[in-house]
Every structure is written in structure tokens, then in C-alpha cells.
Amino acid sequence: MAARPSLAVDHLLVACDDVAKTQQAFSNRFGAAFADGGAHPGQGTRNALGAIGDGVYLELLGPDPSQSVRADWLAGAQDGAVFHWAARCDDLGAVADVLAAQGLAHSGIIDGARTAADGARLTWKLLFPAPSAFGAVMPFFIDWLDTDHPSLSAPDVGVLKDWMLKTPEAPALNALFNAFETALAAQQSARASLQAVVAAPSGEVVLHAADPVGRGVSPFA
């Protein structure tokens, strides 16, 4: 039997009305400075980043006023709240196969890129599940290819101690996770929710999803 591909938490997305403001607010809240990430050219967004241990980072994502393109899909996300997350896998073809086996449509594998604050070009590949009953409790999937993972250059702002996925659809979501080598697991709950607990220099920081049953999909990393 072929080895199961690995799957792990890659990054958590936090919505920003104004990236600079949220970056400062989160730096104060965590007791550690988040760094400028860079722009997503042609997508109307930019980000700021903070590493939270074990190859995981927080992405503060919001509009880029310097671009003429508007990121209208961010309009429904609550400022300062986790609204989605990405899972890392080095075999997106295997992810596509697992989704298909579960009867879930997907985007196919697509290219992603951004320009870092220092001008460096980061590239990756993504795969998005189609909107489903899982909402934002279901991740989108990323493969960083040969690009250095952003958590290596982002400043350390804490350590992710707990990442809780709760959904009424836990058995079905866990059937998908069980096709991978992963510690990820969803908990059964009457209401969908996401919660991250980060041990930061300032103390414990708890981040919730404002609308975890919403679509929650982002084409950016």
C-alpha cells in the first residue's frame, strides 16, 4: 500500500480592514511585532505575517490601497477574526483524489504568488475545495514547491498551542483527514467553529472565527 501523503496546518488567515492598523493592534496584543509580508499583485490585497511555531504562521490579510483591483470577497470577513486556514501538502494531486473520493468538487491545481516586502518573489500551488457544508472548517491546500516557507522569515510572535475544528459534519471531514498522515481532526459539535490558542510573549491569545460556516475561501497565501 502506498504511503499516505502528509497534511499539516500551514497558516491561519486573519481578516483586516486596514492591514497596517491590524498589524499594529496584533503586535500590541501578542507583545511581539508582526512584519510586513508584501502584496498580491493583481489581487488587490497585501499581508503581514507572524510565525507561531512548527512551520505555521498567522497571515493578516486585507486590501492593498496601492492596487486598483478591489478584494470584494473580503468584505464579509470581520476585522481581526480568523476567517479561514490553509493545510500544507506536497502532493496536491493526492488531495484532489481524496476530495473526489469524498464526492467533493475542487478548483484543480492553480498557481499562486506574491512579492515579499524585500522584493523577493514567492510562488506556490493551491487547491480549493468547492463551497460545501464544511464551510471554513475545511481548509484550502497549499504546496510551497521550492519557495522557503514564510514561517522561516516571519518574526516569532508565539507558539500555536491548540487549533480546534468543530463542525456538525465531523465524521465526513475526518474521513478526508484519515486519508492523510496527519494529526488534524475535527470535533463533533452542533455549531461550526474555529479557535486558535497561541502562547505569546504577552500571554495566552485566543483567536476565533467570526463566521466559520461561511465560505471562507481565499486564493492567497
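Index from 1, following the sequence. Worth knowing before you read on, the calculation uses all heavy atoms, side chains too, and leaves out hydrogens, waters and symmetry mates.
- Side-chain atoms of L194 and F83, non-hydrogen and from C-beta on, never get closer than 4.5 Å to each other.
- Checked against the 6.0 Å centroid criterion, the rings of H84 and F140 qualify as a close aromatic pair.
- Using a 4.5 Å heavy-atom threshold, the side chains of Q195 and V206 count as touching.
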Check: Hey, mind stepping through V197 and E204 against side chain to side chain contact (heavy atoms under 4.5 Å, CB included) and telling me if it holds?
Finding: CA-CA 7 Å; V197 179; E204 185 176 275; 3.6 Å; yes

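- No side-chain donor-acceptor contact under 3.5 Å links D36 to the backbone of G38.
- There is no path of hydrophobic side-chain contacts, each under 4.5 Å, that joins M164 to V14.
- Remark: the backbone N or O of P168 is paired with a side-chain donor or acceptor of Q188 at under 3.5 angstrom.
- Going from atom NZ of K166 over to atom CD of Q187 covers 5.0 Å, rounded to the nearest 0.5 Å.
- The two atoms that bring G31 and P201 nearest to each other are O-CB, 3.6 Å, heavy atoms only.
- Q67 contributes a side-chain N or O that, together with a main-chain N or O of G44, makes up a donor-acceptor pair within less than 3.5 Å.
- Put simply, the side chain of S202 gets close to the backbone of R29: a donor and an acceptor are under 3.5 Å apart.
- To the nearest 0.5 angstrom, L7 atom CG is 10.0 Å from D10 atom CG.
- S6 places no side-chain N or O within 3.5 Å of a backbone atom of E181 that could act as its donor or acceptor partner.
- Proximity of a side-chain donor or acceptor of S151 to a complementary backbone N or O of Y57 within less than 3.5 Å is not detected.
- Remark: the backbone N or O of A120 is paired with a side-chain donor or acceptor of D118 at under 3.5 angstrom.
- Residues V95 and F180 meet the side-chain proximity criterion, which asks for heavy atoms closer than 4.5 Å.
- The nearest pair of heavy atoms linking S132 to L104 is CB-CD2, 4.5 Å.
- Remark: R121 CZ is packed, more than 12 non-hydrogen atoms of other residues, nucleotides or ligands lying under 6.0 Å away.
- Of all heavy-atom pairs between A116 and L122, the closest is CB-CD1, 3.7 Å.
- We find the OG1-CE distance between T167 and M138 to be 9.5 Å, quoted to the nearest 0.5 Å.
- Closest approach of G37 and L49 over heavy atoms only: CA-CG, 4.2 Å.
- No side-chain heavy atom of V56 sits less than 4.5 Å from a side-chain heavy atom of W163.
- Closest approach of G55 to H149, counting heavy atoms only: O-CE1, 3.1 Å.
- The shortest side-chain heavy-atom distance between F34 and V157 falls under the 4.5 Å cut-off.
- Note that the CG atom of N178 and the CG atom of L173 stand 9.5 Å from one another [nearest 0.5 Å].
- If you chain together hydrophobic residues whose side chains sit under 4.5 Å apart, V159 and V82 never meet in one group.
- Classified by interplanar angle (parallel below 30°, tilted 30° to 60°, perpendicular above 60°), the ring pair F30/F26 is parallel.
- A salt bridge links K125 with D111; the closest basic N to acidic carboxylate O contact falls under 4.0 Å.
- In plain terms, the two heavy atoms of D143 and C89 that are nearest each other are CB-O, 3.3 Å.
- Side-chain contact between H40 and T115 is absent, with no heavy atoms from C-beta onward closer than 4.5 Å.
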Item checked: ring pair (Phe, Tyr, Trp, His ring centres under 6.0 Å) between F141 and H106, intermediate numbers included -> CA-CA 11 Å; F141 302 90; H106 58 80; 9.6 Å; no

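- Taking the side chain as every heavy atom from C-beta outward, P150 and R114 approach each other to under 4.5 Å.
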Note to self: Before you tell me yes or no, could you show the steps for W85 and V9 under side chain to side chain contact (heavy atoms under 4.5 Å, CB included), namely the whole-Å CA-CA distance, both residues' side-chain angles and the distance that decides it to 0.1 Å?
What the structure shows: CA-CA 8 Å; W85 65 291; V9 179; 4.1 Å; yes

Check: How far apart are the C-alpha atoms of L127 and L99, what are their side-chain angles, what is the distance that settles it, and do they pass the side chain to side chain contact (heavy atoms under 4.5 Å, CB included) test?
Finding: CA-CA 10 Å; L127 187 145; L99 291 175; 3.3 Å; yes

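- Atom CG in L60 sits 6.5 Å away from atom OG1 in T22 (nearest 0.5 Å).
- Residues D18 and Q23 have side chains that never bring a donor and an acceptor to within less than 3.5 angstrom of each other.
- Between the CG atom in D91 and the CD1 atom in I109 there is a gap of 8.0 Å [rounded to 0.5 Å].
- The closest side-chain heavy-atom distance from T123 to D146 is not below 4.5 Å.
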Margin query: Using the rule given for side chain to side chain contact (heavy atoms under 4.5 Å, CB included), can you reason through N47 versus T45, listing the C-alpha separation, both sets of side-chain angles and the distance that settles it, and then say yes or no?
Written below: CA-CA 7 Å; N47 62 19; T45 57; over 6 Å; no

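- Between the side chain of D79 and the main chain of D17, a donor-acceptor pair closer than 3.5 Å is present.
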